Amino acid sequence: MDTNIVWHQAAVSHHERCEQKGHQPAILWFTGLSGSGKSTIANAVDRMLFERGCHTYLLDGDNVRHGLNKDLGFDDDSRIENIRRITEVANLFADAGLLVSTAFISPFVSDRAHARELAGDRFIEVYVDTPLEICEQRDPKGLYKKARKGEIPHFTGISSPYEAPEAAEVHLKTADMSIEAAATQVVDYLTVNGFIPNQ
Ligand SMILES: Nc1ncnc2c1ncn2[C@@H]1O[C@H](COP(=O)(O)OS(=O)(=O)O)[C@@H](OP(=O)(O)O)[C@H]1O
Ligand SMILES: Nc1ncnc2c1ncn2[C@@H]1O[C@H](COP(=O)(O)OP(=O)(O)O)[C@@H](O)[C@H]1O
């Protein structure tokens with residue numbers, strides 16, 4: 001980093017932004033295998049929060065890879081850089097006072113630990129825990145079929161690792177619960193922990 005860069009104090013403080021919104025900012029960090037349900041559940045949570053008048057934004061893997069991160073692939077270094085950029089962007093949204101959800105595989109413990117370190121108490125890890133066999137049965141985009149045929153290199157769960165969280169704030173076992181129940185569990189966590197007011 002250039003040594004001539006100085007941090008500029010903002011005219012509107014973070015505290016003022018939070019007061020205006022009526023809730024605390026947070027980063028809901030969804031992690032799980034492809035097809036585990038990250039996007040589906042994160043969208044359901046986003047909708048529930050929006051309906052309650054919360055200010056939210058959802059950063060989704062596939063979408064971000066069409067723009068900001070379109071230069072990145074799926075080798076380990078690219079995934080690390082993908083998550084590093086998302087961590088920074090999520091923090092900017094949270095600094096603006098939003099409840100931001102991120103839906104990325106984010107397979108490496110160390111990258112999620114870095115995101116947690118930067119976000120502090122605002123970081124809420126949501127483990128979308130779906131066994132590989134079920135993800136493969138769902139195969140919403142037909143990617144597992146291709147990966148099994150060797151047509152997609154470094155595919156998570158097949159030819160690239162997924163390091164599961166050991167102490168996520170929210171643990172969703174989607175094989176045993178509906179999409180609505182999963183989303184409600186996340187919103188309940190926010191309520192119980194004082195991020196959003198009780199309805
Ligand atoms: N090799 C390989 N491995 C895993 N996933 C692949 C791969 N190639 C393409 N895709 C598609 O890209 C989506 C995952 O992107 P992410 O940015 O979430 O991945 S990562 O966090 O950097 O690991 C993932 O989306 P989701 O299914 O929503 O997880 C896939 O649709
Ligand atoms: N209980 C559940 N929770 C989440 N998704 C589910 C569940 N049951 C079935 N699904 C389906 O599984 C698929 C998950 O896909 P998606 O949300 O794109 O996963 P990811 O973003 O993790 O790749 C969707 O088609 C969704 O409708």
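Computed from a prediction, not measured in an experiment: that's the story for all the values here. Numbering of residues begins at 1 and proceeds along the displayed sequence.
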Would Val45 and Phe30 satisfy side-chain contact (heavy atoms from CB on, under 4.5 Å), going step by step from the backbone distance to the final call? CA-CA 11 Å; Val45 168; Phe30 290 80; 4.1 Å; yes
Membership question, hydrophobic clusters at under 4.5 Å side-chain separation (ILVMFWY): are [Y] and [X] in the same one?
X      : Y      : answer
Leu118 : Ile83  : no
Phe123 : Val170 : no
Val126 : Val89  : no
Val186 : Trp29  : no
Val187 : Leu172 : yes

Listed pairs under 3.5 Å, donor-acceptor, residues 149-162 side chains, sequence neighbours left out:
residue: Thr156; atom: OG1; partner: Arg79; partner atom: NH1; Å: 2.8
residue: Thr156; atom: OG1; partner: Arg79; partner atom: NH2; Å: 3.4
residue: Ser159; atom: OG; partner: His154; partner atom: N; Å: 3.4
residue: Ser159; atom: OG; partner: Phe155; partner atom: N; Å: 2.8
residue: Tyr162; atom: OH; partner: Thr31; partner atom: OG1; Å: 2.8
residue: Tyr162; atom: OH; partner: Gly32; partner atom: N; Å: 3.4

Looking only at heavy atoms, what is the nearest atom pair of [X] and [Y], with distance?
X     : Y      : result
Ser36 : Val128 : O-CG1, 3.3 Å
Lys38 : Leu33  : NZ-O, 3.0 Å
Gly97 : Pro25  : C-CB, 3.8 Å
Gly22 : Pro197 : O-CD, 3.7 Å
Leu58 : Ala42  : CD1-CB, 3.7 Å
Leu68 : Asp71  : O-OD1, 3.8 Å

Donor-acceptor pair, distance only, cut-off 3.5 Å: does the side chain of Gln24 make one with the backbone of Leu190?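 Such a contact is absent between Gln24 side chain and Leu190 backbone.
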Under 3.5 Å, side chain of Arg52 to main-chain N/O of Asn198, donor-acceptor pair present?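 It does not hold such a pair.
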For residues 161-182, which residue pairs pass the salt bridge (Lys or Arg N to Asp or Glu O under 4.0 Å) check, not counting sequence neighbours?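 Matches after skipping sequence neighbours: Arg116-Glu169.
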As a quick check of understanding, evaluate side-chain contact (heavy atoms from CB on, under 4.5 Å) for Asp111 and Asn82, giving each step before the final call. CA-CA 10 Å; Asp111 298 330; Asn82 183 37; over 6 Å; no
Pair Gln20-Arg17, side-chain contact (heavy atoms from CB on, under 4.5 Å): steps then yes or no: CA-CA 5 Å; Gln20 188 189 51; Arg17 288 185 199 285; 5.6 Å; no
Please round to the nearest 0.5 Å and tell me the distance separating atom [atom1] of [X] and atom [atom2] of [Y].
X      : Y      : atom1 : atom2 : value
Leu72  : Ile80  : CG    : CD1   : 11.5 Å
Ser101 : Ile124 : OG    : CD1   : 9.0 Å
Lys21  : Thr56  : NZ    : OG1   : 11.0 Å

Give the intermediate values and the outcome of side-chain contact (heavy atoms from CB on, under 4.5 Å) for residues Phe93 and Ile27. CA-CA 9 Å; Phe93 279 113; Ile27 297 173; over 6 Å; no
Arg85, CZ: over 12 other non-hydrogen atoms inside 6.0 angstrom: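 More than 12 heavy atoms, drawn from other residues, nucleotides or ligands, come within 6.0 Å of this atom.
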Taking only Lys NZ, Arg NE, NH1 and NH2, and the carboxylate oxygens of Asp or Glu, determine whether Arg84 and Glu81 approach each other closer than 4.0 Å.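 Here Arg84 pairs with Glu81 in a salt bridge, since their nearest N and O are under 4.0 Å apart.
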Check the angle between the aromatic planes of His23 and His55 and answer parallel, tilted or perpendicular using the 30° and 60° thresholds.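 Geometry flag for His55 against His23: tilted rings.
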We want to know whether Thr174 and Arg138 form a side-chain donor-acceptor pair, criterion being a heavy-atom distance below 3.5 angstrom.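 Per modelled atom types, Thr174 and Arg138 side chains form a pair under 3.5 Å.
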Could you check Asn69, Ile86, Asp60 and say which one makes a side chain to side chain contact (heavy atoms under 4.5 Å, CB included) with Phe104?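 Option passing the side chain to side chain contact (heavy atoms under 4.5 Å, CB included) with Phe104: Ile86.
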